[in-house]
Amino acid sequence: MRIATWNVNNVVTRTERLLAWLASAQPDVLCLQELKVPTEQVPVAEIEAAGYAVAARGDGRWNGVAILSRVGLDDVTYDLPGQPEWDGVVEPRAMAATCGGVRIWSLYVPNGRTVEDPHYAYKLEWLAALRDTAVAELARPEPLAILGDFNVAPTDADVWDIAKFETSTHVTTAERAALTALEDAGLVEVMPRALKYDVPFTFWDYRQLAFPKNTGMRIDLVYGSSSFAGAVTDAYVDREARKPGTKGTPPPSDHAPLVVDVEL
DNA sequence: ATGCCGGGATGTTCCCGA
């Protein structure tokens, strides 16, 4: 079974790339983030024509998550229990489904912006709610996988130059402690291998030639229950999907897909 | 050269992303 996660940075702009990637990578389940369109604009017909059931929720401008599956899509739930609000709204940043016997979460963790910004406190509250959710989900009988854009680099090696992040979010002690709390709850991180360079970055900014210079970050992560993590046979970042297309075609997302193979 | 950001609405400029 092949399970993947991809922050697509607008699912309408990226529909053609999404369909091409489904055809080439052949995932059984794909978690998407940053749909950036209202739920009704998600290209459900095109995705279904490609052989996938889809459940999605978007809010129109930012956020938005989806799960695509060709191995069943059951018990779909939206939002974290106790998910904090932003500006009075529970944003569409988390959803779960049971696919092929695996309980799967698609997550888009808040960015945080700067450590002084209220968005950063929101991010930490959000990660605390995620930890509580993980505890509850680990009590379920199925193998559990939590995939998505965590907006946290687990170690200093997971950004291209830690010296550039002295005052930044994504690398703070508090954010990393939130990841450690997930592990303390019983989750295990599934580490992808690098297909090029030493660190399997998953994000490269659109600006300043970040992709060709490989000034990237590893912020899209996969955590699994021990039953899931123990069944992983391979995991990698598909850098090919981050490359620009031919002239005149839509640009890539700024994130690359993260692919996990499991034999359960 | 993979090559100097991209997407959206608040719209012809600004906010956001990480």
Carboxylate-amine/guanidinium contact [X] [Y], below 4.0 Å:
X	Y	result
A/R70	A/D28	yes
A/R57	A/D79	yes
A/R176	A/D156	yes

Next on the checklist: Test your reading of the model: is there a side-chain donor-acceptor pair from A/N151 to the backbone of A/V109, 3.5 Å cut-off?
Outcome noted: yes
Item to check | Backbone of A/T169 reached by a side-chain donor or acceptor of A/T172 within 3.5 Å | outcome: no
Nearest-Å distance, [atom1] ([X]) to [atom2] ([N])?
X	N	atom1	atom2	result
A/W126	B/dA18	CH2	C1'	16 Å
A/Q208	B/dG17	CD	P	18 Å
A/Q33	B/dG17	CD	P	15 Å
A/E91	B/dC16	CD	P	12 Å
A/E175	B/dA18	CD	C1'	10 Å
A/D254	B/dC16	CG	C1'	11 Å

Next on the checklist: So, under a plain 3.5 Å distance rule, would you say the side chain of A/N151 forms a donor-acceptor pair with the base of B/dA18?
Outcome noted: no
Distance between the [atom1] atoms of [N] and [M], in whole angstroms?
N	M	atom1	result
B/dC14	B/dA18	P	22 Å
B/dT13	B/dA1	C1'	33 Å
B/dA9	B/dC4	P	25 Å
B/dC16	B/dG11	C1'	15 Å
B/dG8	B/dG3	C1'	25 Å

Could you check whether [X] gets within reach of a base, just the sugar-phosphate, or nothing at all, counting any heavy atom under 4.0 Å?
X	answer
A/D149	sugar-phosphate
A/Y120	nothing
A/N7	sugar-phosphate

Next on the checklist: Under 3.5 Å, is there a donor on one side chain and an acceptor on the other for A/R103 and A/T98?
Outcome noted: yes
Produce the list of close N/O pairs, under 3.5 Å, pairing protein atoms with atoms of nucleotides 1-3 of chain B; give distances to one decimal.
unit_1 : atom_1 : unit_2 : atom_2 : d
B/dT2  : O4     : A/K196 : NZ     : 2.7

Next on the checklist: Measuring only between side-chain heavy atoms, which start at C-beta, is A/E91 closer than 4.5 Å to A/Y122?
Outcome noted: yes
Checklist entry - OP1 or OP2 of B/dG17 less than 4.0 angstrom from a side-chain nitrogen or oxygen of A/H255, does that happen here? => result no
Checklist entry - Would you say a side-chain N or O of A/R113 is under 4.0 Å from OP1 or OP2 of B/dA18? => result no
Expected rows: protein N/O vs nucleotides 6-9 of chain B N/O, under 3.5 Å:
unit_1 : atom_1 : unit_2 : atom_2 : d
B/dG7  : OP1    : A/R14  : NH1    : 3.3
B/dG7  : O3'    : A/N10  : ND2    : 3.0
B/dG8  : OP1    : A/N10  : ND2    : 2.4

Next on the checklist: Taking CD in A/E48 as the centre, count heavy atoms belonging to other residues, nucleotides or ligands within less than 6.0 Å. Is the count above 12?
Outcome noted: yes
Checklist entry - Can we call the ring centroids of A/F165 and A/W160 under 6.0 Å apart? => result yes
Next on the checklist: Do A/V76 and A/L147 sit in one hydrophobic cluster, given that two such residues count as connected whenever their side-chain heavy atoms are within less than 4.5 Å of each other, even indirectly?
Outcome noted: yes
